[in-house]
Student: 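Have a look at this one.
Heads up: numbering here begins at 1 and tracks the sequence.
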Amino acid sequence: APKSDGLRENPPVPATHDRERAYLIPATTPWLKDLGITNAASTVRAGQVPKFRQINKFAELLSHLLPEAFPDRPVSSPLEIADMGCGKGYLTFGVAALLGPKARVIGVEARPELVRTCNEAAARHGLSNLTFVAGKIASPLVTNSQSQISNSQDVLIALHACDTATDDAIAHGIAAGARLIVLSPCCQKELRPQLVAPAVLAPALRHGIFQERQAEFVTDALRALLLEWAGYRTKVFEFISTEHTAKNLMIAAVKSDSVPEGARHARERIHELKQFFGLEHHALDALLAPPTPVNA
């Protein structure tokens with residue numbers, strides 16, 4: 001019987017708690033055990049719940065972005081996808097499993113021991129469309145001992161690549177002619193020492209936390225503008241809740257067949273933004289021709 005305050009002594013568990021969510025990459029997926037996400041019983045380990053949700057959130061986002069970037073691509077023509085700075089390959093495995101024979105997925109990682117471990121896991125689980133190679137984001141993709149890896153990609157992914165590695169990934173994606181570039185920026189170390197606070201913001205920016213957030217904003221705003229300059233329709237949005245990771249920004253850029261709105265003036269906007277914050281150098285400056293007046 002209800003208590004006088006209207007509360008039950010043993011409130012029932014909501015029915016939704018009894019149902020397992022239909023994930024694109026379910027917990028029963030075998031390779032999740034190799035990556036330490038699930039245990040022997042195919043249950044997500046307590047400390048790996050955020051990573052499991054991140055893998056599935058990315059798979060969900062990619063399932064929406066790919067049709068936008070490749071509306072008329074024949075199913076018989078596999079996509080070339082490169083995950084730059086892939087680390088332990090959590091999202092790389094997720095992409096390969098999500099797309100199967102529709103894509104050839106390459107994970108590029110600087111640490112040879114991780115490359116070896118990931119290749120062994122991919123072979124063990126029959127993911128023939130997935131290969132890992134040793135290399136750095138800034139350098140061209142290399143030839144490994146088993147296959148020739150092309151420098152041309154349809155999709156370029158770089159999630160949480162530190163320092164200017166995100167900028168290296170952008171430059172690589174543009175040079176490779178990728179129609180879809182998906183980034184989750186990490187560090188913004190390059191610009192923070194250069195930033196000169198505009199007079200009206202100086203009192204607020206004496207606080208370190210505001211300086212850090214300003215550096216993040218300016219760095220990623222410049223990245224988004226540069227992608228627009230390069231002919232991409234660019235979206236910036238929250239990737240996953242800050243409950244799971246503080247680094248939750250995502251930049252998704254789809255190459256346009258026509259000049260996107262704003263692309264014509266993006267170079268000038270980049271120049272103006274740099275001037276406003278006193279920036280002398282940005283990692284992607286080499287991609288830009290010298291700025292000229294809009295009406296020149």
Side-chain angles (χ1 to χ4, degrees), residues 25 29-38 45 47-48 50-55 57-59 62 80-99 103-153 155-173 175-176 178 181-190 219 223 239-240 244-251 283:
I25 311 293
T29 304
W31 51 261
L32 288 172
K33 295 187 182 71
D34 295 63
L35 302 185
I37 302 295
T38 57
R45 297 177 185 274
Q48 295 297 323
K51 183 61 66 178
F52 175 72
R53 290 177 178 168
Q54 186 183 42
I55 292 169
K57 181 61 176 178
F58 185 72
L62 200 62
E80 297 284 347
I81 300 178
D83 185 357
M84 310 299 283
C86 63
K88 295 181 180 179
Y90 297 117
L91 300 182
T92 330
F93 273 88
V95 172
L98 174 71
L99 298 177
R104 289 191 290 266
V105 183
I106 303 162
V108 181
E109 169 55 42
R111 291 165 287 184
E113 66 277 11
L114 289 183
V115 170
R116 183 174 56 255
T117 299
C118 289
N119 274 325
E120 290 171 353
R124 190 158 47 246
H125 296 289
L127 293 171
S128 58
N129 64 327
L130 175 60
T131 305
F132 292 84
V133 298
K136 295 182 179 179
I137 297 175
S139 60
L141 295 185
V142 298
T143 302
N144 68 7
S145 60
Q146 298 177 350
S147 62
Q148 178 73 32
I149 305 301
S150 171
N151 277 325
S152 176
Q153 283 89 45
V155 181
L156 185 129
I157 299 165
L159 304 183
H160 301 152
C162 289
D163 205 357
T164 58
T166 294
D167 303 300
D168 293 335
I170 291 173
H172 189 104
I181 298 175
V182 185
L183 311 160
S184 184
C186 186
C187 306
Q188 291 83 14
K189 294 179 181 178
E190 183 200 16
T219 301
R223 288 164 173 165
F239 169 33
I240 196 165
H244 305 305
T245 175
K247 302 295 183 180
N248 67 337
L249 186 74
M250 178 159 282
I251 301 173

Student: Quick one: does Ile157's side chain get under 4.5 Å of Val95's, heavy atoms only?
Tutor: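 Ile157 vs Val95: side chains touch.
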Student: Can you see which heavy atom on Ile81 is nearest to which on Ala103, and at what distance?
Tutor: CD1-CB, 3.8 Å
Student: Hey, are the side chains of Val115 and Val133 touching, using non-hydrogen atoms and a 4.5 Å cut-off?
Tutor: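 Not in contact.
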Student: Between Ile55 and Leu91, does a side chain to side chain contact (heavy atoms under 4.5 Å, CB included) hold up when you go through it step by step?
Tutor: CA-CA 6 Å; Ile55 292 169; Leu91 300 182; 3.9 Å; yes
Student: Stepwise, does the side chain to side chain contact (heavy atoms under 4.5 Å, CB included) test hold for Trp31 with Ile25?
Tutor: CA-CA 10 Å; Trp31 51 261; Ile25 311 293; 3.8 Å; yes
Student: Is there a side-chain contact between Leu98 and Phe58, using heavy atoms and a 4.5 Å cut-off?
Tutor: no
Student: Restricting to non-hydrogen atoms, name the atom on Ala169 and the atom on Leu156 that form the minimum distance, rounded to 0.1 Å.
Tutor: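 Heavy-atom minimum between the residues: O-CD2, 3.4 Å.
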Student: Atom NZ in Lys33, atom CZ in Arg45: separation rounded to 0.5 Å?
Tutor: 10.0 Å
Student: Would you check, one step at a time, whether the test side chain to side chain contact (heavy atoms under 4.5 Å, CB included) holds for Leu35 with Lys88?
Tutor: CA-CA 7 Å; Leu35 302 185; Lys88 295 181 180 179; 5.5 Å; no
Student: I need the Glu80 CD to Gln153 CD distance, nearest 0.5 Å.
Tutor: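 These two atoms lie 7.5 Å from each other.
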Student: Could you tell me if the side chain of Ile251 sits less than 4.5 Å from the side chain of Ile170, heavy atoms only?
Tutor: no
Student: Taking only residues two or more places apart in sequence, or in another chain, which ones meet Cys118 in a side-chain contact (heavy atoms from CB on, under 4.5 Å)?
Tutor: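 In terms of side-chain contact (heavy atoms from CB on, under 4.5 Å), with neighbours along the sequence ignored, Cys118 is linked to Phe93, Phe132.
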Student: So, for Gly107 and Thr92, which heavy atoms are closest and what is the spacing to 0.1 Å?
Tutor: CA-CG2, 3.9 Å
Student: Say whether Lys57 and Gln54, considering side chains only, have a donor N or O and an acceptor N or O under 3.5 Å apart.
Tutor: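 Side-chain D/A pair, Lys57 to Gln54: absent.
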Student: Which heavy atom of Glu109 sits nearest a heavy atom of Gly87, and at what distance?
Tutor: OE1-N, 2.7 Å
Student: Using side-chain heavy atoms (C-beta onward) and a distance below 4.5 Å, is Leu99 in contact with Val105?
Tutor: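 The answer is no; the side chains never approach within 4.5 Å.
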Student: If we only count heavy atoms from C-beta on, is the Leu183 to Arg223 side-chain gap below 4.5 Å?
Tutor: no
Student: So, for Leu159 and Met250, which heavy atoms are closest and what is the spacing to 0.1 Å?
Tutor: CD2-CE, 3.9 Å
Student: State the CG-CZ distance between Asn119 and Arg124, to the nearest 0.5 angstrom.
Tutor: 11.0 Å
Student: So which heavy atom on Gln48 is nearest to which on Ile37, and how close?
Tutor: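 The pair with the smallest heavy-atom distance is OE1-CD1, 3.3 Å.
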